[in-house]
Amino acid sequence: MNALVSTTLWVVGKALAPVVNGVLGHWDASKNLGLNVEAVGMELLLVQATLESASRKHISGKATEELLRKLQDSARCAEDLLDELDYFRIHDQLHGTYDAADHHAKGGVHDLVLNARHTASDALGFSSAATPAESQRVAEDERQRIGCCVWSRARWWSRGNSSSTPNANKPDQEEVSRCMPQLGKLLPRSSSPNVQDDNSGSQSTDCGAPQREHPEKSTMLGFNRVVFSERMKHIVEQLQPLRRDFTTIMQFCDPITVPDIAQSRPITTGQSIEPKLYGRDDIVNSIIHDMTKGKYHNNDLNVLPIVGPAGIGKTTMIQHIYHNEEVQKHFHVLIWVCVSFKFNLNKLLEDIKEEIPLVEGEKGYRPQDLIEQRLKSKRFLLVLDDIWECGNEDDWERLLLPLKTSQEKGSMVLVTTRFPAVSAMVGTTSHSIELEGLEAEYFRELFHAFVFGDDRCRRDHFFLLETGDEIMEKLKGSPLAAKTVGRLLRRDLSLRHWRRVLESKEWEMQTGVNDIMPALKLSYDNLPFHQQQCFSSSALFPEDHMYRTTELINLWIGLDILQPDGRNQTLEDIGLSYLNDLVAHGFFREYITWAGPRYVMHDLLHDLALKVASHDYVSLHHSNVGSVKFQPSIRHLSIIIDDDDTMSVEIFKSQLRNLKTRLKVKQLHTLMIFGVMSKSFAKIFGDLIREANALRVLHLVHISSSVESILHTFSELVHLRYLCLGTLHEIASQVHLPLTISRFYHLRILDLGSWYGCRDLPKDLSNLEKLCRFYSQSDSNIHNVGKLKLLEELTVFRVNKESEGFEPKQLENLTELRELGIYNLENIHTKEDAAKAKLIEKNYLKRLTLDWDSERSNIDPDVEAVILESLQPPRYLEGLRIGGHGGPSCPTWLGDNLTLEALKSLHLIGVSWKCLPSLRKIWGLETLILKHIAAMKEFAIEQRFCRLIKLKLVGLGSFEKWGPSQDTGMFPLLQVLIIRDCPRISGFPFSNPNEDWKVDWFPKLQELEIVSCPGFLLVPRIPWTETLRHVHIIDVKLLEKFEYNSKSLYLYIKGKDDLQRLDQVLAFSNLAGLEQLALEKCPPMECKHFLMLTSLKKLAVDGSDGLVGSLGGGDDVQWQHPVEHLVVYGLGGANVKKLTELLSHLPGLSELCITKCQNVTQLAVGMDMQQTTSTAAPEVEKEEEGLLLFPADHSGSLRVLYISECPELFLSPSCIFPSSLLDLNLKGVEGLGTLEPLSNLTSLTRLALLYCGEDLRCKGLGPLLAGRGQLKELVVYGSCRFFAGWDLNLRQVLLQQDEGEDQQLVSPPEACSSKLQVLRSDDTMGLLATPICSFLSSSLTKLKLRSINKIKMERFSKEQEDALHLLTSLQQLKFSNFTELQHLPTGLHKLTNLQRLEIDYCPAVRSLPKDGLPKSLQELYAHNCFNEELKQQCRGFHPKDQN
């Protein structure tokens, strides 16, 4: 209830704002209206005072809640009304009208007409609540009936022409006089109610985007003073009795003494009520090990935070650690304290003291003294469970002070909290433990334990498991959610009950203190009111949405949640502060991406947002639109189009059409639509927007050309604060912006950042005097932008003195700017014009761009020097970019007389300066970018660069020398260093090959990029610091390419001819964690360096002189390396023998790839490693150098073998492969003839034979397919008669194979059973034979048939079609490259399990089979098929049509 009081108080405050701020003073001179404005303001002030008093009372009861909601509704009506008054105030200012005044500027008859018009409007029954269409229709009828042309002029107002403007001339006065007798018969809607421009189309300017006038006859809201007066009186009459009644009730309410939240937290103990811990074993074991034996064992006091959202299992996990036997033995004293909501230092010290046994001779009475004495010689474990706040760091340090006096090493404090901010404050370890939802396997086990109790019950109710899986997916691994839902489901183990729980999310209604939603809501209740509002608004977004900073803050601004605090903070500053607090309290989780920070919210927290905001917010999608309950007070609506199923979409649209019968559309403040709108949605949403005249926020980001009509329903959105419009990429030039944008006078944010349609802005966009944020995809220039005095960002302003509205003086009054970009400065020719921008007076400006067109035809260095000097920025500027300046030197305000001492970022691009500014005074510089500065030869590194984080040097053709101004360590904080296209630079500032480089250079570097600097020599070996994360080097001395990524543990080196040793560029001692290494054109790696790579899992060597240098290791020492995956490409010479030797040292090798190794001629499985390296058989010694020998004792680990394009390799029928292989790929390897050499590979699951000879036959394939064979995928291309050798007596072959073996014979039925699931082949004619297809019919699910050019196949034979029909298990079928094929095989409808059919490059196929396709088909594709009939059939295919 108190939340409702706070919300109502907030609404009243918003309604009062225009009165309190004085913006409605414009109306004071208006007879009666001014008094009514004052009366509404006074009543709102009294309501505000009443609510402020109520916020300190304990309020309850349904009737009181209903009374509060009525009060809130009346306050919103007042807010809307006063907002409309402010709208017409702005309209008066812009158009010279007199809606707010009793007297016309010209006096006389104009006064009479002005006042009579309002009276006549009221007499004729017009109300401002009437729609413009209704008003226009009635007024037009009256105009025609009276035939008075002057009223036509009053109703149809063209730009610069109004009946009530000072421009009214004498004929107008005569006309007014002539028409006065008929006054009572006519109502003009407003002094300037309708806008019609005689000029249609676009008017192009010389600068920026084209500016458009109003071509359409769109209606503006009319103003009637009498009606507005009556509305204000009515609001006062509504508010007064409600306020009095509420005041009476307040007299009987008790004051709030203790916050409700403090009474709601259960007290935890060290004893767990959960006997088993699921899915946390790894974390628990790691913590226990670190405490008892590992990294915390010998430390002083350690504080380890465990952080995670409510119900994730933090307390339960710590309870299991607390009672672990090893922990109990290791610590002398164990203490458990439940901190909960309030961090009371004195109480905590007292609680800790009570948990510690007394010691003999202790003195004193203060808790901290007694704790110190009792723990002095003890190793202890203290658990502080459920900390909500930590007061401040001083209180925390005072708590730790007596604990730190223990003389024993390894004492621990374990803290559990749901707030990352608390975790960051208290932790002393290098990282905290962040608990997330349980993995699916463990969560399923836990869920079933809560629901069924034992396996027998679960087996008896197996029919519920599928529904249970759907419910589990929504709980996202939360143990407490599993417990809550488990209790619900256990009540009734019937499918009907379970489906009802799933569809209604019944667990959200559970209110027990140990249920998931109340546990989560406690965090929400602990937030300040405005942050609660921010969190609630997230309910409008889809689940799993990746929130951007701007879209959250813009929404909050649009909803008036963010209010200025009077400390010169922008709304963005306040929004960022709120967002950071929500992250700190665990409501959002922040992720850093390449596009900036993104925020995600746990699904259960999203459900909580929907729940706490259910009276105000609702989000509709296809699955809930029919069941959601609309509260009468709903004001914020989102619609999510997220289903491609045609039937679901149709049902969804049908429900949306009825939305106006279930929802008060006229009172909506927010409408957000997510997903792509088809044409059929246009009318639905258009009607919705047309009626939702109270909208503050409108968000449409996937507009297509088919729904452009929606954009022309915006004319009456006078309250709009935030408008976000976006289009699909593919309709770039087909959709136009609505010109009515320029009439949304309250608009604060216009977001066209996702607008890819026409960017022709309305010419009068500068009418939006409250606009503070404008986003655009292009350089959209705003005409007369100087009128937008509240604008905070103007990233592109193109100077054009020849075009009115784009002169430098437009910038004069934009004093609120935080970011400004001025382009085409070559169009300013005098310092007087430049000075008119008054940059130095823009005290809030943080980022500034000053840019001259680099392609301009004429450059006057002296003039440009003067212009830049006159564009001096304010002293507290943080970011400066200067581009294309043609002056000879930098301005004095950046040089000798530096004023920008607060500068954090400096970009100089394409300037013609002879020397750079010294920057000695800029201590805080963090980013320095120098690009395309032709005259720059050297760069002095100042000591002041100690805070530099990013340095980028690009296109400096003359740059050859850089070095420190004095001998001292530089760049201590540098994280990013980029050098590109600097051909004369020879290396780092410390690059002296004869001296050791200084280790204090770049100690924090994370990203290094050096590109196209052929003389650049790397002196520091990479990685020289553990902070280095990414290295990208191309075309430097010694190296063609170098890629290093510490996150993926990957390193790639491509050397040049002058690279002699790898340790010239690599610091092997720092690469112990490397897992992947690829070497191309590099010298062999020395054995000692290879052995340093202790974590290496994959080694790839391409075109190098060798793999690893001398492998002997000395003194017959046999060493081993953990490499699991070896790729050898282009190995030549005698290196085959070295490869054989290397394989003997890789006992864990599981994957070997050999490609284009011309000297490999034979394969064999050798003897054990000892014999291979010392006493090999004489016949092996005599073999050619090309023999590659797999060690016999290591061959059991090899799982994947890939051999490709080794032209000298000939596999004889006697060749034996390692029997452990699971995947064998042979490409371009001839000599096999049959597959009999592979008959021992019964573990093989995949076999690919690509172009291994046209004479290759499938003889010997049987043992791989059936019996003990495990082959599941077979790929054969380039052997066009492969299946001609099919062995029809497969059973006998297998029985013969089993002879002599001790194991029991495989029974004949199993022997003939195929396991093959995937088959790809170009031997279509041989494959489609009845014996083969019959054998494969029970297992084959995926078949790709490809034709070869020399076989011209126009149609499938009857026998081939019959054979294909036998493959009844097929789910996917593809025909490829059948260039002559006229018809697909008939009878495809007999393949009753087929789900996907694909036709690729079959140009002669004209249509789908006449006898139809199987009903099971879900996907149909035709690629590179040129017959229009076939393409049309495929486009029109829908699975529902098959039934």
Which atom pairs, donor and acceptor, lie under 3.5 Å between side-chain atoms of residues 973-982 and protein residues at least two apart or in another chain?
| residue | atom | partner | partner atom | Å |
| --- | --- | --- | --- | --- |
| Arg980 | NE | Glu1009 | OE2 | 2.5 |
| Arg980 | NH2 | Glu1009 | OE2 | 3.1 |

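- Identified under the salt bridge (charged side-chain N to carboxylate O under 4.0 Å, His left out) test for residues 887-910, with sequence neighbours left out: none.
- Not a single ring-ring contact (aromatic ring centres under 6.0 Å, His included) links Phe1042 to another residue, sequence neighbours left out.
- Within the 3.5 Å criterion, the main-chain N or O of Asp573 finds no donor-acceptor partner in the side chain of Ser577.
- For the 3.5 Å distance criterion, the side chains of Glu826 and Asn824 qualify, holding a donor opposite an acceptor.
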Show your working on side chain to side chain contact (heavy atoms under 4.5 Å, CB included) between Arg598 and Arg548 and close with a plain yes or no. CA-CA 5 Å; Arg598 293 291 183 269; Arg548 291 177 290 112; 3.3 Å; yes
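- Identified under the salt bridge (charged side-chain N to carboxylate O under 4.0 Å, His left out) test for residues 884-895, with sequence neighbours left out: none.
- For Thr795, the side chain to side chain contact (heavy atoms under 4.5 Å, CB included) partners at least two apart in sequence or on another chain are Glu819.
- In terms of modelled atom types and a separation under 3.5 Å, the side chain of Asn784 and the main chain of Gly786 share no donor-acceptor contact.
- A side chain to side chain donor-acceptor pair (under 3.5 Å) check over residues 876-887, counting only residues at least two apart or in different chains, returns the pairs Asp851-Arg881, His885-Trp913.
- Checking side-chain atoms of Thr1025 against main-chain N and O of Pro1003 turns up a donor-acceptor pair under 3.5 Å.
- Take Lys1041 and apply the side chain to side chain contact (heavy atoms under 4.5 Å, CB included) test, not counting sequence neighbours, and it matches Ile1034, Glu1043, Tyr1052, Lys1054.
- For Asn813, the side chain to side chain contact (heavy atoms under 4.5 Å, CB included) partners at least two apart in sequence or on another chain are Lys789.
- Each of Leu900, Leu871, Leu839, Ile882 was scored for a side-chain contact (heavy atoms from CB on, under 4.5 Å) with Leu848, with one residue passing: Leu839.
- The salt bridge (Lys or Arg N to Asp or Glu O under 4.0 Å) search around Lys950 returns none, not counting sequence neighbours.
- Contacts of His932 classified as ring-ring contact (aromatic ring centres under 6.0 Å, His included), with partners at least two apart in sequence or in another chain: none.
- Checked against salt bridge (Lys or Arg N to Asp or Glu O under 4.0 Å), Asp751 has no partners two or more places apart in sequence or in another chain.
- Applying the side chain to side chain contact (heavy atoms under 4.5 Å, CB included) rule to Asp394 yields the partners Asn392, Arg398; only residues at least two apart in sequence or on another chain are considered.
- Ser958 places a side-chain N or O within donor-acceptor distance of the main-chain N or O of Ala934, the cut-off being under 3.5 Å.
- A donor-acceptor pair under 3.5 Å is formed between the side chain of Arg818 and the backbone N or O of Glu816.
- Ser776 contributes no side-chain N or O that, together with a main-chain N or O of Gly753, makes up a donor-acceptor pair within less than 3.5 Å.
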